[in-house]
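Letters A, B, ... are given to chains in the order of the sequence lines, protein chains preceding strands, and every chain is numbered from 1.
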Amino acid sequence: MNLPIPHADPMPLPAPVWLLRTLLLLTFFLHVLFMNCLLGGTAIALVSMLRRKSSAFCARLAGELGRLLPSIFAFTITLGVAPLLFLQVMYGQFLYASSILIGVPWLAIIAVVVVAYYGVYFYSMHKQSGMTTAVLALVVLLLASIAFVYSNNFTLMLSPERWLEIYRSNAGGWNLNWSEPSLLPRYLHFVLGAFAVSGLGLLVLGLRQKADDYRQWLIEQGSMLFTGATILNFGVGFWFLARLPVSTRLAFIGGNGFATALLGIGMLLPLAAIAHLIMAKANKSPQRQMVIGISCGVLTVAVMVIMRDVLRNLALAPYFSLNQLPVAPQWNIILIFVVLFVAGLATLYYMLRKVAIGSRMQTAAAQKAE
Amino acid sequence: MNYPVWQLGFPGGLLIAAVAVLHVFISHFAVGGGAYLVLTERRAYAHNDSELLGYVRLHSKFFVLLTAVLGAVTGVGIWFTIGLVSPEATSSLIHTFVWGWAIEWVFFFVEIAAALIYAYNWDTLDRKTHLIIGWIYFVAAWLSLVVINGIITYMLTPGRWLETRTFWDGFFNPTYWPSLWVRTAMAAALAGMFGLVTAMRERSPLRERVVRWAGWWLVLGIAALLPLSRWYFHDFPAYSRAYFGGAHTAVQHALRGGATCAGIALLLAVVFALLRPKMMNAVVVAVLLVAGIGVMGSGEYLREFSRYPYVINSYIYANDIRMAELLGITANGVAKSSPWVEMNADDSNSYGRQLLVMECGTCHSVESYRGMRKFARGWDAKFASELLLHLPVVRETMPPFAGDEHDRAALGGYLASLAPATPSGANEKELGQQVFAIHCSMCHSVGGQRRPLDLKGTDPDAIVGMVGSLHDMSPDMPSFTGSDVERRALAVYLSSPSQ
């Protein structure tokens, strides 16, 4: 069959594939961590708001999340820009085509992000009330719908055999990728993953508190959320696997050594995380075990990000391979980027350090005044 | 050709314009406003002015809410939009400048972090550190302009890049510097403009102090715009400078509109901010903001329009067709070049419609903006398909038609089917006027600016003869396809057009 896959850009890639892929995966991994904390965090804030009258801890957590969420939102977006850039340079002919086919929901993401972002600020800047709860509920809904559109586009870009049919049914971009068998399990798998990661976020939040009941409560809630969401995700993950095209599925269960190993590690790591969290509960000095547990959880995300990339390349393998693209690296500019990137990180470190020192001094001064 | 076309019902270019104008309005404020914040803060410390400090604290929150949310997200929005409307050009830009964008992303990252830290740590940081964070913000924000400016100006004036294809030749292109300073001046003006917005929440006498201070930013920014934009426009490519000559009414409107808005803003700022700050009020500020959008919008419009018929000058046409592909498409036909069009032997109009979408859809619609039903009134299929051979002559801003004879026939037939009309008139001259409107007015005027036909007093019989051999007079003219009666009427009209 003649597929309508656009020709790759005639210009060569301005960097070797390994570098672009590394940057894509690295920045996407960071984006996913923040994005998960945003989606899961707003949902946790919503539940906390609903229970704030019966639980003082919930009210406190809701307030704390209100202070954190705007920054998490900012970094979700900022960190999302970089992977989108690297994705376009490598897979542009697939991504642009599928985006055009679902142009309306795809572009609507921008408006929805703006509304959700202001919703988070509204929540953050106002006293806890029924109104802020309602706004938060809307935000959760909007963020979940953004994730859904992303799932649609990133599956559709892998299915050029469906493009013409979709385009002929509606060329105005009023489409989604409903006929994709893996759409729902993939979406659910990622959303549940977001809840699990935000459970880890609660753990981190707890570990940073002074030793008291609130800290204990946060740690318990975080462990429960991570464990519950992860166990459910095993089921959804198998469903997802079952809905992949046969060739891709087979690659993950023995056909391709790397893919299979990733799947194995991807299942063992969260189990290790859960085990450490349970052990931490039984242990008297749980800090170390909890940090190991959290690290295993975060590593799971890294493995999942790589698996997702492997899945993409497997799905595109019949039509395209990154290695077929001509390469002409712009080394001098890459060098400037690296230098500036390091300088940027140093600046960021400087600023955050100053804020940390300032906050500590402020807390100390406040305690002295008491 | 390579990509499907998002069929919106209106030209995709409009969508880009809407998102872009909103974004640049806020993003230039994000640059200038950074300097405004730190310098106002410093001023408050220097004069020990706690009221002014209170104002700048409030302003910093407003600043973050507007720039870090709407400003940043609409910036991503431009990306989304250009990828949807001009994927070929977007892909090309990304391949040329991915590292430019990566560098801009570093600045963007630092910028957002610094903005949040600046706005929410007035009490946690000591004065000196807080000012340093403010400067970090401003420098990062301006540097992100320094980077993106290279990519934007490259599209209009790729300069030596066309031969060398190297990053730096595209980046530091002929309009790089003037554009950078025009945008910096605009950023200063917008800093003042938005400084006035939050000043309206303050009470006298602080309010007057802030109004005058913000007023200087606005006045100096706008005043600098005048010489800088002359420099900028002067460095435009010769072909697009010709657009400023008067033949394109839209360009004239944009030029006059932009200049008027700048004049109004300057006048209002001098009177209400510098001379009579007590009289400054929310209505004047609102007018200033509208004028600001006017200046920004017309500037962007002129830059975009000046690029026509290209989206990347001399490389990719405005309809996303690569110059290098043109010959191939003309030889093989669109149906063989693009998998997205569907040829239907029984319905050539449907094929013609798809060609219109694919080749003209960035700028034209059927019914709405630059609607072809209006332009094609009275055209017959032969005339329309012949006209397609001469698009860059009909309008210098149009790319050549890409397609073979069969494609031209299909699109011509479709255009002719949009608004069939037989010219009629109470007398010969009225009929002639209508014939002129249908067959000549795309390229010519009678007594107007656009290729005026001055045949007044010429013997109608001689004109009839000329109309019969248009193609011999100029290879750029399609042959006349009207009836003999219409030809005669046209000649009568042209020989004595007035009365």
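Side-chain contact between B/W101 and A/Q88 is absent, with no heavy-atom pair separated by less than 4.5 Å.
Judged by distance alone, with hydrogens and angles left aside, the side-chain atoms of B/W105 form no donor-acceptor pair with the main-chain N or O of A/V81 at under 3.5 Å. Between the A/Y118 side chain and the B/V69 main chain, no donor and acceptor come within less than 3.5 Å of each other. Here the side chain of B/W99 pairs a donor or acceptor atom with the backbone of A/P14 at under 3.5 angstrom. Using a distance-only test at 3.5 Å, with no hydrogens or angles considered, no donor-acceptor pair links the side chain of B/N121 to the main chain of A/V355.
Identified by a heavy-atom distance below 4.5 Å to chain A, the contributing residues of residues 8-20 of chain B are B/L15, in residue-number order. Of all residues spanning residues 327-337 of chain A, those with a heavy atom less than 4.5 Å away from chain B's heavy atoms are A/Q330, A/N332, A/I333, A/I334, A/I336, A/F337, arranged by number. Contacts between residues 125-132 of chain B and chain A, defined by a heavy-atom separation under 4.5 Å, are made by B/L125, B/T129, B/I132.
Using a 4.5 Å cut-off between heavy atoms, A/L340 contacts chain B through both its backbone and its side chain. With a 4.5 angstrom heavy-atom cutoff, A/T363 does not touch chain B via any of its atoms. In this structure, chain A has heavy atoms under 4.5 Å from both the backbone and the side chain of B/L84. When heavy atoms are compared at a cutoff of 4.5 Å, A/I357 does not approach chain B at all. Contacts between B/V341 and chain A at a heavy-atom distance below 4.5 Å involve the backbone alone (N, CA, C, O).
Legend: residues meeting side chain to side chain donor-acceptor pair (under 3.5 Å) with B/W122, ordered by chain and number and at least two apart, are B/S60.
Interface remark: of the candidates A/A365, A/G80, A/P10, A/P10 forms the most heavy-atom pairs closer than 4.5 Å to chain B.
Side-chain atoms of A/Y167 and B/E342 include no donor-acceptor pair closer than 3.5 Å.
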